[in-house]
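Since the structure comes first, as structure tokens, the remarks are kept for the end.
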Amino acid sequence: AYERTCRYFARKSNSVVVSVGYRLAPKHPYPTQFEDCLTATIHFMRTAQDYGVDPSRIIICGDSSGGTLTAAVAQALVNRRDLPKLRAQILIYPFLQCVNFNLPSYQQNKGVPILLKERTLALGLKYLNKDLSVMEAVFKGCHIPEDLQVKYQKWVSPDYIPHEFKTRGYKPSTTYPFSEELYTLLKSVFDPVFSPLLAEDSVIARLPEAFILTCEYDVLRDDGLLYKKRLEDHGIKVTWCHLQEGFHGTV
């Protein structure tokens, strides 16, 4: 599915493009996908010169769940002193958090193909090999304990979405009771490998420069906007491209 896209990128940017064929869920459970991408990235960084690549000019890139993996790999590499520093990260309409499914973009675009709101969470739960019967409770935020609600509010909140992205409609969401059982079942969704937007400030502050692409008609639009804000708040340079007529999968 991606060969033509990768060839196009290589040709147009005059770059070496390495496409990672990471193993897929459910046969290979989470976090195999992240581990495969991290292993491939580290191997390439160590052998870049064999491919005629300057090790100081390596950029990692991904779209959708590949954007999640890109963000997670970039975070995993911030403390590595045995490797060259990444030059940049490219996140194309990435999925970045499993805390709030009622952000403006989720409300406005819940029925826009191809990534419907329900499908987004269903894919995430299947990735973790969890039962889909919990979907309604997760949409209500019942999986988040109060202390984490307070912590994540600093990073994942509709308050940080610029007003122009709320003009198509937005209603603040109701608070529902917390379920300890649900939290125990879904603890892994708060791991920054699954939800890179939840990484600590000390990690975010050391990330490389980023290019973030968002699409207006995409449930994941606000994930990208919130990550852009977090990076910029820490002085990380972000090049942002917003496709006003774009939708998920547009690449």
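All values reported here derive from a predicted model rather than from experimental measurement.
Contact detail for Pro196 and Tyr227: the closest heavy-atom pair is O-CE1, 3.9 Å. In this structure, Asp223 and Leu96 approach most closely via the heavy-atom pair OD2-N, 2.8 Å. Annotation for Ala72 and Pro192: closest pair CB-O, 4.4 Å, computed over non-hydrogen atoms. Heavy atoms only, all atoms of each residue included: Ala71 and Leu91 are closest at N-CD2, 3.8 Å. Here the closest heavy-atom approach between residue His234 and residue Ile204 is recorded as CD2-CG2, 3.6 Å. When every heavy atom of Ala76 is checked against every heavy atom of Leu38, the shortest pair comes out as CB-CD1, 4.1 Å.
Side-chain rings of Phe44 and Tyr51 approach one another, their centers coming within less than 6.0 Å. Ring-centre distance between Tyr152 and Phe190: below the 6.0 Å cut-off. Ring centroids of His242 and Phe165 are separated by less than 6.0 Å, placing the two rings close together.
Val203 and Ile236 fall within the same hydrophobic cluster, where Ile, Leu, Val, Met, Phe, Trp and Tyr residues are linked whenever their side-chain heavy atoms come under 4.5 Å apart, directly or through other members. Taking hydrophobic clusters as Ile, Leu, Val, Met, Phe, Trp and Tyr residues chained together by side-chain heavy-atom distances below 4.5 Å, Val78 shares a cluster with Leu83. Hydrophobic cluster membership is shared by Leu198 and Ile212, with clusters built from Ile, Leu, Val, Met, Phe, Trp and Tyr side chains linked at under 4.5 angstrom. Residues Ile114 and Tyr93 do not share a hydrophobic cluster, defined by chaining ILVMFWY side chains whose heavy atoms lie under 4.5 Å apart. Neither Ile161 nor Tyr217 shares a network with the other; the hydrophobic side chains, linked directly or stepwise wherever heavy atoms of I, L, V, M, F, W or Y lie under 4.5 Å apart, form separate groups for each.
Residues Glu180 and Thr184 form a side-chain contact, since some pair of their non-hydrogen atoms from C-beta on lies under 4.5 Å apart. Side-chain atoms of Arg221 and Pro104, non-hydrogen and from C-beta on, do get closer than 4.5 Å to each other. Looking at heavy atoms from C-beta onward, Phe211 lies in side-chain contact with Cys241 at the 4.5 angstrom threshold. Side-chain atoms of Thr214 and Trp240, non-hydrogen and from C-beta on, do get closer than 4.5 Å to each other. Residues Lys171 and Asn102 form no side-chain contact, since every pair of their non-hydrogen atoms from C-beta on lies 4.5 Å or further apart. Contact check for Val193 versus Gln75: no side-chain heavy atoms found under the 4.5 Å cut-off. At a threshold of 4.5 Å between non-hydrogen side-chain atoms, the residues His43 and Thr39 do not count as touching. The closest side-chain heavy-atom distance from Leu220 to Leu115 is below 4.5 Å.
Between the side chain of Arg23 and the main chain of Asp36, no donor-acceptor pair closer than 3.5 Å is present. Using a distance-only test at 3.5 Å, with no hydrogens or angles considered, a donor-acceptor pair links the side chain of Asn109 to the main chain of Glu216. In this structure, Asp222 contributes its side chain and Ser105 its backbone to a donor-acceptor pair below 3.5 Å. A distance-only check finds a donor-acceptor pair linking the side chain of Lys130 to the backbone of Leu185 [under 3.5 Å]. Between the side chain of Ser195 and the backbone N or O of Cys98, at least one donor-acceptor pair lies under 3.5 Å. Remark: side-chain polar atoms of Gln33 are paired, donor with acceptor, to backbone N or O of His28 under 3.5 angstrom. Within the 3.5 Å criterion, the main-chain N or O of Phe95 finds a donor-acceptor partner in the side chain of Thr68. In terms of modelled atom types and a separation under 3.5 Å, the side chain of Thr120 and the main chain of Leu116 share a donor-acceptor contact. A donor-acceptor pair is defined here as one N or O able to donate and one able to accept, closer than 3.5 Å; such a pair exists between the side chain of Arg230 and the backbone of Ala199. The backbone N or O of Leu197 lies less than 3.5 Å from no partner atom in the side chain of Gln97, so there is not a single donor-acceptor pair.
Heavy atoms from other residues, nucleotides or ligands lying under 6.0 Å from NZ of Lys166 number more than 12. Crowding of Lys154 atom NZ: a count of heavy atoms from other residues, nucleotides or ligands under 6.0 Å exceeding 12. The environment of CG in Asp159 is crowded: more than 12 heavy-atom neighbours from other residues, nucleotides or ligands sit within 6.0 Å. In the displayed structure, Glu146 atom CD is contacted under 6.0 Å by at most 12 heavy atoms of other residues, nucleotides or ligands. More than 12 heavy atoms of other shown residues, nucleotides or ligands fall within 6.0 angstrom of atom CD in Glu232.
Note: Tyr127 OH to Tyr30 OH = 6.5 Å, rounded to the nearest 0.5 Å. Atoms CG and SG, from Leu182 and Cys142 in turn, are 7.0 Å apart once rounded to the nearest 0.5 Å. Atom-to-atom distance recorded for Leu121:CG and Met135:CE is 4.5 Å, nearest 0.5 angstrom. Taken from CD1 in Ile90 to CD in Glu209, the straight-line distance is 10.0 Å, to the nearest 0.5 Å. Rounding to the nearest 0.5 angstrom, the gap separating the CG atom in Leu103 from the OH atom in Tyr160 is 12.5 Å. Here Asn79 contributes atom CG and Ser202 contributes atom OG; the two are 7.5 Å apart, rounded to the nearest 0.5 Å.
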Could you pull out every donor-acceptor pair under 3.5 Å between side chains of residues 244-251 and any protein atom, sequence neighbours left out?
residue : atom : partner : partner atom : Å
His248  : ND1  : Asp218  : OD1          : 3.2
His248  : ND1  : Asp218  : OD2          : 3.1
His248  : NE2  : Ser64   : OG           : 2.7

Query raised in the report: Leu225 and Lys229: side-chain contact (heavy atoms from CB on, under 4.5 Å), yes or no, with the steps?
Result: CA-CA 6 Å; Leu225 294 177; Lys229 180 184 187 305; over 6 Å; no
Report task. Could you walk me through whether Leu86 and Ile60 pass the side-chain contact (heavy atoms from CB on, under 4.5 Å) test, one step at a time? Result -> CA-CA 8 Å; Leu86 280 174; Ile60 53 173; 3.6 Å; yes
Query raised in the report: Passes side-chain contact (heavy atoms from CB on, under 4.5 Å), Leu77 versus Met45? Steps please.
Result: CA-CA 11 Å; Leu77 293 173; Met45 291 176 109; 4.0 Å; yes
Query raised in the report: Going through the checks in order, is the side-chain contact (heavy atoms from CB on, under 4.5 Å) test met by Ile58 and Arg87?
Result: CA-CA 5 Å; Ile58 295 171; Arg87 174 64 185 84; 5.7 Å; no
Report task. Report the C-alpha distance between Gln107 and Arg168 in whole Å, list the side-chain angles of each, state the deciding distance to 0.1 Å, and finish with yes or no for side-chain hydrogen bond (donor to acceptor under 3.5 Å, both in side chains). Result -> CA-CA 9 Å; Gln107 292 188 17; Arg168 288 199 288 127; over 6 Å; no
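The cationic group of Lys117 lies under 6.0 Å from the six-membered ring centre of Phe139 and within 45° of the ring axis, placing it in a cation-pi geometry.
Every pair passing salt bridge (charged side-chain N to carboxylate O under 4.0 Å, His left out) that includes a residue from residues 42-68 is listed here, sequence neighbours excluded: Arg46-Asp82.
In summary, Asp147 and Lys151 do not engage in a salt bridge, as defined by a charged side-chain N under 4.0 Å from a carboxylate O.
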